[in-house]
Amino acid sequence: MIVDWYILAPAAFFAGMVDAVVGGGGLIQIPVLLAQFPQTAIPALFGTNKVSSIAGTGAALWRYARSVRIPWVVVLPATVAALIGAWGGAALVAWIPRQTMQPMIIVLMVAVGLYTFLKKDLGQQVTRVLHGGDRWKGALFGFVIGAYDGFFGPGTGSFLIFGFVRLFGMDFVQGSASAKVINFATNLSAIAFFASHGPILWKVGLIMAACNLAGAYLGTHLAIRHGAGLIRKAFLGVVAILVIKQLVEIL
């Protein structure tokens with residue numbers, strides 16, 4: 001197997017950097033993997049993508065946790081519920097055509113983007129103190145997002161950040177850090193799933209993981225240094241790309 005590392009390595013690095021800030025690394029890695037390995041089964045490539053992604057997500061989470069207070073009272077219940085929801089969402093694939101989701105997701109992404117763009121102060125600072133009663137709200141939020149991730153997937157990281165900011169009063173830095181906890185757990189679950197359904201390209205995935213980790217470290221450093229303003233701009237950019245991607249797939 002001939003591997004063009006001049007393409008894969010920079011793609012993994014850039015994906016890790018973008019994903020650490022606002023999510024959406026899969027938008028970069030998956031198309032590159034599909035182009036590089038056109039004869040390889042899709043589950044194997046998706047699993048390889050997750051092997052790379054989890055390294056960057058883990059590095060970003062470790063870096064955020066050292067500098068940002070993660071509100072575990074909400075994040076832990078949301079993470080557990082997201083894992084349960086992801087399993088349920090995957091089961092729905094057999095019952096509901098995924099294509100029926102695309103128009104609704106496009107509308108939702110446009111609404112999220114416009115709301116964030118028009119509300120300039122959204123996520124610029126923490127606006128409330130979380131308490132024990134929020135854990136059930138967090139669990140419900142995690143379950144819904146997890147189900148969406150298991151069933152459809154695109155934009156999960158962006159929806160997580162927006163939800164943590166809008167529903168729980170976090171700023172964009174804290175929201176991004178909190179999203180990484182759920183991302184890490186769901187990535188681990190996805191690796192277990194794909195590994196049990198076919199061979200993952202472990203050598204490719206692990207080398208990409210090293211590049212993704214380096215990119216994540218840089219991305220997290222930039223996010224912490226430049227704060228909520230940078231993440232807000234990156235968030236709007238990723239949402240715009242996701243909307244365009246979904247429209248292209250429909251048309």
**Prompt:** With sequence neighbours left out, what residues match T127 under side-chain hydrogen bond (donor to acceptor under 3.5 Å, both in side chains)?
**Reply:** none
**Partner residues of D149 under the side-chain hydrogen bond (donor to acceptor under 3.5 Å, both in side chains) criterion, sequence neighbours left out** = T156
**Prompt:** If you measure from CD1 on I54 to CG on L213, what distance do you get to the nearest 0.5 Å?
**Reply:** 11.5 Å
**From OG (S52) to CD1 (I28), nearest 0.5 Å** = 10.5 Å
**Request:** Could you list the residues that satisfy side-chain hydrogen bond (donor to acceptor under 3.5 Å, both in side chains) with K245, not counting sequence neighbours?
**Result:** E249
**Prompt:** Hey, does V21 have a side-chain heavy atom less than 4.5 Å from the side chain of V238?
**Reply:** no
**Asked** For residues 210-251, which residue pairs qualify under ring pair (Phe, Tyr, Trp, His ring centres under 6.0 Å), counting only residues two or more places apart or in two chains?
**Response** F172-F235
**Asked** Any side-chain heavy-atom pair from L61 and I70 closer than 4.5 angstrom?
**Response** yes
**Whether over 12 other heavy atoms sit under 6.0 Å from F14 CZ** = no
**Request:** Ignoring hydrogens and angles, tell me if any N or O in the side chain of R232 forms a donor-acceptor pair with the backbone of F117 under 3.5 Å.
**Result:** yes
**Message:** Whether the Q29 and N212 side chains hold a donor-acceptor pair (N or O, under 3.5 Å, no angle test) is what I'd like checked.
**Reply:** yes
**Asked** Which heavy-atom pair separates A20 from A216 by the least distance, and what is that distance?
**Response** CB-O, 3.5 Å
**Beyond-backbone contact of R166 with Y115, side-chain heavy atoms, under 4.5 angstrom** = yes
**Asked** Excluding sequence neighbours, so at least two apart, what forms side-chain contact (heavy atoms from CB on, under 4.5 Å) with A147?
**Response** none
**Prompt:** V144 versus F159: any side-chain heavy-atom pair under 4.5 Å?
**Reply:** no
**Item:** Min side-chain heavy-atom separation M170-L130 under 4.5 Å
**Value:** yes
**Message:** Does F37 form a side chain to side chain contact (heavy atoms under 4.5 Å, CB included) with T48? I'd like the steps, not just the answer.
**Reply:** CA-CA 11 Å; F37 306 103; T48 304; over 6 Å; no
**Message:** Clusters formed by hydrophobic residues whose side-chain heavy atoms approach within less than 4.5 Å: which one holds L83, and what are its other members?
**Reply:** none
**Request:** Not counting sequence neighbours, which residues clear side-chain contact (heavy atoms from CB on, under 4.5 Å) with L206? List them please.
**Result:** V51
**Prompt:** Are L167 and L140 grouped together when hydrophobic residues (ILVMFWY) are joined by side-chain heavy atoms under 4.5 angstrom apart?
**Reply:** no
**Request:** Report whether L27 and M109 are members of the same hydrophobic cluster (ILVMFWY, side-chain heavy atoms less than 4.5 Å apart, transitive linking).
**Result:** yes
**Asked** Taking C-beta and beyond as the side chain, do I30 and L45 meet within less than 4.5 Å on heavy atoms?
**Response** no
**Message:** Taking ring-ring contact (aromatic ring centres under 6.0 Å, His included) as the definition, give me every residue that meets it alongside F193, ordered by chain and number, with sequence neighbours left out.
**Reply:** H197
**Request:** Please collect all ring pair (Phe, Tyr, Trp, His ring centres under 6.0 Å) contacts where either partner lies in residues 40-72, sequence neighbours excluded, each pair once.
**Result:** none
**Check: D19 main-chain N/O paired with K180 side-chain donor or acceptor under 3.5 Å** = yes
**Spacing of N187 atom CG and S53 atom OG [to the nearest 0.5 Å]** = 5.5 Å
**Message:** The criterion is side-chain hydrogen bond (donor to acceptor under 3.5 Å, both in side chains); which residues satisfy it with D171, sequence neighbours excluded?
**Reply:** none
**Message:** With a 4.5 Å cut-off on side-chain heavy-atom distances among I, L, V, M, F, W and Y, is there a chain of contacts connecting V107 to Y148?
**Reply:** no
**Prompt:** Just by distance, do the side chain of S178 and the backbone of V75 share a donor-acceptor pair under 3.5 Å?
**Reply:** no
**Item:** Student check: side-chain heavy atoms of K137 and V74 closer than 4.5 Å
**Value:** no
**Fill in**
Tracing side-chain contacts under 4.5 Å among Ile, Leu, Val, Met, Phe, Trp and Tyr outward from I244 reaches V248
**Message:** Quick check: closest heavy atoms across N49 and G26, and the distance to 0.1 Å?
**Reply:** OD1-CA, 4.3 Å
**Item:** Closest contact, heavy atoms only, V22 versus A234
**Value:** CG1-O, 3.8 Å
**Asked** Taking a hydrophobic cluster as the set of Ile, Leu, Val, Met, Phe, Trp and Tyr residues connected by side-chain heavy atoms closer than 4.5 Å, whether directly or through intermediates, do L108 and V243 fall within one such cluster?
**Response** yes
**Message:** Does anything in residues 73-90 form a side-chain hydrogen bond (donor to acceptor under 3.5 Å, both in side chains)? List the pairs, not counting sequence neighbours.
**Reply:** none
**Request:** List the atom of C211, the atom of A9, and the distance in Å for their closest heavy-atom pair.
**Result:** CB-O, 3.6 Å
**Message:** Rounded to the nearest 0.5 Å, what separates atom CD in Q174 from atom CD1 in I231?
**Reply:** 11.0 Å
**Asked** Would you say the side chain of I145 lies within less than 4.5 Å of the side chain of I182, judging by non-hydrogen atoms?
**Response** no
**Item:** Qualifying residue for side-chain contact (heavy atoms from CB on, under 4.5 Å) with S176, from I161, N183, I224, V165
**Value:** I161
**Item:** I42 side, atom CD1; L34 side, atom CG - distance, nearest 0.5 Å
**Value:** 5.0 Å
**Message:** Apply side chain to side chain contact (heavy atoms under 4.5 Å, CB included) to residues Q36 and L8 and explain how you reach the verdict.
**Reply:** CA-CA 8 Å; Q36 289 291 303; L8 282 177; 4.0 Å; yes
**Prompt:** Are there more than 12 heavy atoms of other residues, nucleotides or ligands under 6.0 Å from atom CH2 of W5?
**Reply:** yes
**Prompt:** Would L76 end up clustered with F143 when hydrophobic side chains under 4.5 Å apart are linked, directly or stepwise?
**Reply:** no
**Prompt:** Going from CG on L33 to CD1 on I7, what distance comes out if it is rounded to the nearest 0.5 angstrom?
**Reply:** 11.5 Å
